Amino acid sequence: MGRRTEVGPEVDPALFQQNLMEWYRVHARKLPWRGAVDPYCIWLSEIMLQQTRVASVIEHYHEFLLKFPTLLALALAPEQDVLAAWSGLGYYRRARMLHKAAQFITEELGGVLPTNSVALRTLPGIGEYTSAAIASIAFGESVAVVDGNVERVLLRLTGRSEDRTAAGRAFLRSTAQELVPGAIDAGSATKPGVGRKTKQIAVGRPKRNPPGDHNQAMMELGATICLPRAPLCLHCPVRSLCMTKGEHSTFPRAKLRSREVAFLLSVRKRGVATEVLLAQRPAEASLMAGMYELPPLPLDAEADEMASREPLLRIRHAITNTNYYARIYAPMGPSDKALRRAVPIAKADLHWIRTATLLQLPLTGLCRKVLQRLDVMPVRPLRAPIAEEKHVAGFHSQSSKGSPVIDEDEDHDSF
DNA sequence: AAGTCGTGGAA
DNA sequence: TTTCCAAGACT
């Protein structure tokens, strides 16, 4: 069992670790969750980072923590508020499972996040990767993470070809595990930091955390040096140990499909408030259940009605392996009711939403993108009411072609 | 055990 | 323009 047969005789784990960590100490990016002590923050960052780019996570991480500063605060919040804070990040099931897990921890585990990978693995939304990430980064457990970055690094390092079978995954897991340094005995550690009483602190975690740092260094290497297409081998700290020097072949992906879709953008004034008509997706929908979007316009029977119009906006929106080519149509004036009649009332759960409250609603990414691009809703939360007035004024005065028509005299009972 | 689930940025 | 794919989990 002590043999290093998995990584081959030429890879010395100690040498690999040392080269990697020297590089990491110098080149690690400064990220908001790096150095976090609160396991809740580390948990949140790992969930957000699942299949999601660092830049996108940074845009949401801070706001989410302002809104839900502690595990308890998250557990007590309504799911709609959690989804609203997640809006734009995608994979909304992650937010639902995070919320569920927080409630379970609060009700059944005394509000304390489990401190080892096996126990973490049982929580909703925490799989093999995430359990290892939290356990190593927050609690110093010597367990290897295998994400897309690590997988690519290890395949190139060892020369193995991509293999998505159980055997392939087992190889990656065991190889990664051989390279992880051992945990530091908590008993001999420097004293743990003291934090607020409402927050769980990683008690027993030493200041130095070799497993957690190593895991992050492996991912950092994959994200910044061992790139998918053109790896920067000249800058790689472990190139002398690498079997392939960057060669890497992968399986072909499923090709993208295309779909045409259309949405209605209807805006009206109610006193000083501006409102926009949105539809709430059914709770049982498999895609973005319960979230709000612009009312969909059926493309079949009403095709002629739209054919004579020019869409206010054309936008491409990809979901998984489908490219949605979306057209946004707006009424041409207060008397233009044809578009609204095209919305199937029976199927759509329609609501007039004040634009000032849009940021508190769980909007689909496409809806949020359209409303922000057309300046119907702010890009970021506005603190001062004065700034909000200004923004609305800006929307009214905007006269460019992208400006939606405001219906000044909308009938209350249209829907 | 393949399919499904979002989004945006880079090439 | 199209293609790729990112700190995966669940069914």
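Small disclaimer: the values here were computed from a predicted structure and weren't measured. Throughout, a chain's letter reflects where its sequence line sits, starting with A, and its residues are numbered from 1. Computed from heavy atoms alone, side chains included, the values below leave out hydrogens, waters and symmetry copies.
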Rounded to whole angstrom units, what separation is found between the [atom1] atom of [X] and the [atom2] atom of [N]?
| X | N | atom1 | atom2 | answer |
| --- | --- | --- | --- | --- |
| R94(A) | dA7(C) | CZ | C1' | 11 Å |
| N323(A) | dC5(C) | CG | P | 15 Å |
| R53(A) | dA7(C) | CZ | C1' | 12 Å |
| L155(A) | dC5(C) | CG | C1' | 16 Å |
| W43(A) | dA9(C) | CH2 | C1' | 14 Å |
| W86(A) | dA9(C) | CH2 | C1' | 12 Å |
| L98(A) | dA7(C) | CG | C1' | 15 Å |
| N149(A) | dC5(C) | CG | P | 12 Å |

Expressed in whole Å, how much space separates the C1' atoms belonging to dG6(B) and dC5(C)?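 My reading of the C1' atoms in dG6(B) and dC5(C) gives 13 Å.
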
How far does the P atom of dA7(C) sit from the matching atom of dT4(B), given to the nearest Å?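 Nearest-Å result for dA7(C) against dT4(B) at atom P: 24 Å.
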
Answer with base, sugar-phosphate or nothing: what part of the nucleic acid does [X] contact at a heavy-atom distance below 4.0 Å?
| X | answer |
| --- | --- |
| M97(A) | sugar-phosphate |
| S286(A) | sugar-phosphate |
| Y61(A) | nothing |
| W33(A) | base |
| L89(A) | base |
| L31(A) | base |
| R316(A) | base |

Between residues 362-369 of chain A and DNA chain C, which residues have a heavy-atom gap below 4.0 Å?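 Those residues: none at all.
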
Ordered by number, residues from residues 215-227 of chain A within less than 4.0 Å of DNA chain C (heavy atoms) are M219(A), A223(A)

Comparing N321(A) and A318(A) on DNA chain B - which has the more 5′ nearest nucleotide: N321(A)

On DNA chain B, does the nearest nucleotide to A55(A) precede the nearest nucleotide to G90(A) from the 5' side, or the other way round? Give the residue.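 Its nucleotide being nearer the 5' end, the pick is G90(A).
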
Under-4.0 Å salt bridge between E162(A) and R164(A):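 Answer for the salt bridge query: yes.
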
Kindly indicate, with the supporting measurements, whether the criterion side chain to side chain contact (heavy atoms under 4.5 Å, CB included) is fulfilled by R96(A) and L83(A). CA-CA 7 Å; R96(A) 292 191 170 94; L83(A) 287 172; 3.6 Å; yes

Ignoring the backbone of R229(A), work out which of dC10(C), dT3(C), dA6(C) is nearest its side chain. dT3(C)

Go through L157(A) and F16(A) one step at a time and tell me if the side chain to side chain contact (heavy atoms under 4.5 Å, CB included) criterion holds. CA-CA 11 Å; L157(A) 184 74; F16(A) 182 91; 3.8 Å; yes

Under a 3.5 Å threshold, yes or no: a donor from one side chain and an acceptor from the other, between [X] and [Y]?
| X | Y | value |
| --- | --- | --- |
| T244(A) | R156(A) | no |
| N323(A) | R316(A) | yes |
| Q50(A) | T130(A) | yes |
| E310(A) | Y329(A) | no |
| T274(A) | R268(A) | no |

5' to 3' on DNA chain B, which nucleotides open and close the contacts with chain A (atom under 4.0 Å from a heavy atom)?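 First-to-last contact on DNA chain B, by the 4.0 Å heavy-atom rule, is dC5(B) to dA11(B).
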
Toward the 5' end of DNA chain C, by each residue's nearest nucleotide, V54(A) or P124(A):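 Taking each residue's closest nucleotide, the earlier one in sequence belongs to V54(A).
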
Verify the contact: side-chain N or O of R152(A) to OP1 or OP2 of dA6(C), cut-off strictly under 4.0 Å; return yes or no.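 Answer yes for this pair, as a side-chain N or O of R152(A) is under 4.0 Å from OP1 or OP2.
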
Q50(A) vs dG8(C): side-chain N/O to OP1/OP2 distance below 4.0 Å: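 No, outside the criterion.
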
Could you check whether R327(A) makes a cation-pi contact with F263(A), meaning its NZ or CZ is under 6.0 Å from the centre of the six-membered ring and within 45° of the ring axis? no

Please name the residue in the list R169(A), R173(A), R121(A) that meets the side-chain hydrogen bond (donor to acceptor under 3.5 Å, both in side chains) test with E128(A).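 The residue from R169(A), R173(A), R121(A) that satisfies side-chain hydrogen bond (donor to acceptor under 3.5 Å, both in side chains) with E128(A) turns out to be R173(A).
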
Please report the interatomic distance CD1(I328(A)) to CG(L366(A)), rounded to the nearest 0.5 Å.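 Taking CD1 in I328(A) and CG in L366(A), the distance rounds to 6.0 Å.
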
To the nearest 0.5 Å, atom CG of N19(A) lies from atom OG of S240(A) at 6.0 Å

Verdict with reasoning, Q216(A) to R34(A), per side chain to side chain donor-acceptor pair (under 3.5 Å): CA-CA 9 Å; Q216(A) 294 189 75; R34(A) 289 255 166 93; 2.9 Å; yes

